[in-house]
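Some notes on the structure that comes next.
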Amino acid sequence: MVERTSKFLLIVAVSVCFMLILYQYVGPGLSLGSPSGRSYSEELDLFPTPDPHYVKKYYFPVRELERELAFDMKGEDVIVFLHIQKTGGTTFGRHLVQNVRLEVPCDCRPGQKKCTCYRPNRRETWLFSRFSTGWSCGL
């Protein structure tokens, strides 16, 4: 009898925990118990008024942000990719070496982090990054 009761209590406890976790994920999107009758997402101001004391430190004109640069891979142009930690640089650098569709794709050998990225018809590299030159500083 005690065994049956303990199993029942365990099932009830697990069910309550599951319902609490489910409410944490689903509940904020619902307007359950909102005193104003509005949902939580309506109360959230996505574009608050700017602080009048805030001074812009840097100003980037739209023409600078939307400019296009011509990169001539067959010429003498070079891309230097500087990796900055905790900014997604590892993923971007890997995509730059492995997933960009090029006339002559980078040669990445299995088991090595270093890939060779040569220009078409020449044995000169067009990309300097940690994935094309390796760990040159011993990091």
Side-chain angles (χ1 to χ4, degrees):
M1 186 72 176
V2 174
E3 196 173 299
R4 182 182 268 178
T5 306
S6 64
K7 283 184 181 180
F8 177 73
L9 288 176
L10 179 67
I11 291 172
V12 169
V14 169
S15 299
V16 168
C17 288
F18 176 74
M19 294 302 284
L20 285 173
I21 292 171
L22 185 66
Y23 178 74
Q24 290 293 320
Y25 283 103
V26 178
L30 302 174
S31 59
L32 301 173
S34 177
S36 64
R38 296 184 312 196
S39 69
Y40 177 72
S41 61
E42 291 174 0
E43 294 173 3
L44 205 87
D45 189 10
L46 294 178
F47 301 104
T49 55
D51 183 11
H53 303 291
Y54 175 74
V55 178
K56 272 190 171 181
K57 219 178 206 183
Y58 305 105
Y59 174 72
F60 298 105
V62 175
R63 71 175 189 277
E64 284 293 319
L65 297 174
E66 293 180 349
R67 69 180 174 180
E68 292 184 19
L69 299 173
F71 177 74
D72 184 19
M73 185 182 292
K74 295 179 181 180
E76 297 295 320
D77 293 348
V78 174
I79 293 179
V80 177
F81 175 67
L82 177 65
H83 175 80
I84 301 173
Q85 295 177 354
K86 304 296 180 192
T87 60
T90 302
T91 304
F92 179 75
R94 193 177 306 118
H95 283 298
L96 192 61
V97 170
Q98 295 175 354
N99 298 334
V100 176
R101 292 185 186 145
L102 302 169
E103 187 177 324
V104 178
C106 295
D107 181 29
C108 300
R109 299 179 191 270
Q112 289 185 344
K113 290 186 178 181
K114 181 179 171 184
C115 302
T116 53
C117 300
Y118 290 130
R119 297 180 192 275
N121 302 324
R122 290 192 295 189
R123 293 193 52 87
E124 293 178 358
T125 187
W126 61 270
L127 173 68
F128 289 98
S129 75
R130 86 179 224 213
F131 289 104
S132 65
T133 60
W135 291 96
S136 57
C137 297
L139 295 172

Quiz item: Side-chain contact, heavy-atom cut-off 4.5 Å: S129 with L96?
Solution: no
Self-check item: Separation of SG atoms, C106 and C115, below 2.5 Å
Solution: no
Self-check item: Path from V100 to V97 over hydrophobic side-chain contacts below 4.5 Å
Solution: yes
Quiz item: So how far is it from M73 CE to L127 CG, rounded to the nearest 0.5 Å?
Solution: 8.5 Å
Quiz item: If you draw a 6.0 Å radius around CZ in F18, do more than 12 non-hydrogen atoms from other residues or ligands fall strictly inside?
Solution: no
Exercise. For R67, enumerate each residue passing the salt bridge (Lys or Arg N to Asp or Glu O under 4.0 Å) test, keeping only those at least two apart in sequence or located in another chain.
Key: E64
Quiz item: Out of curiosity, L20 CG to S15 OG, how far, rounded to the nearest 0.5 Å?
Solution: 11.0 Å
Quiz item: Of the options V78, V104, L102, which is the one that meets W126 in a side chain to side chain contact (heavy atoms under 4.5 Å, CB included)?
Solution: L102
Quiz item: Same cluster or not: are V80 and F71 linked, directly or through other Ile, Leu, Val, Met, Phe, Trp or Tyr residues, by side-chain heavy atoms under 4.5 angstrom apart?
Solution: no
Quiz item: What residues, two or more places apart in sequence or in another chain, satisfy ring pair (Phe, Tyr, Trp, His ring centres under 6.0 Å) together with F92?
Solution: F81
Quiz item: Does atom CG of N121 have more than 12 heavy-atom neighbours from other groups under 6.0 Å away?
Solution: no
Exercise. For D77, enumerate each residue passing the salt bridge (Lys or Arg N to Asp or Glu O under 4.0 Å) test, keeping only those at least two apart in sequence or located in another chain.
Key: none
Quiz item: Any donor-acceptor pair under 3.5 Å linking the side chain of R123 with the backbone of Y118?
Solution: no
Quiz item: Would you say R122 has more than 12 foreign heavy atoms packed within less than 6.0 Å of its CZ?
Solution: yes
Practice problem: Compare all side-chain heavy atoms of R130 with those of T90 and state whether any distance is below 4.5 angstrom. | Solution: yes
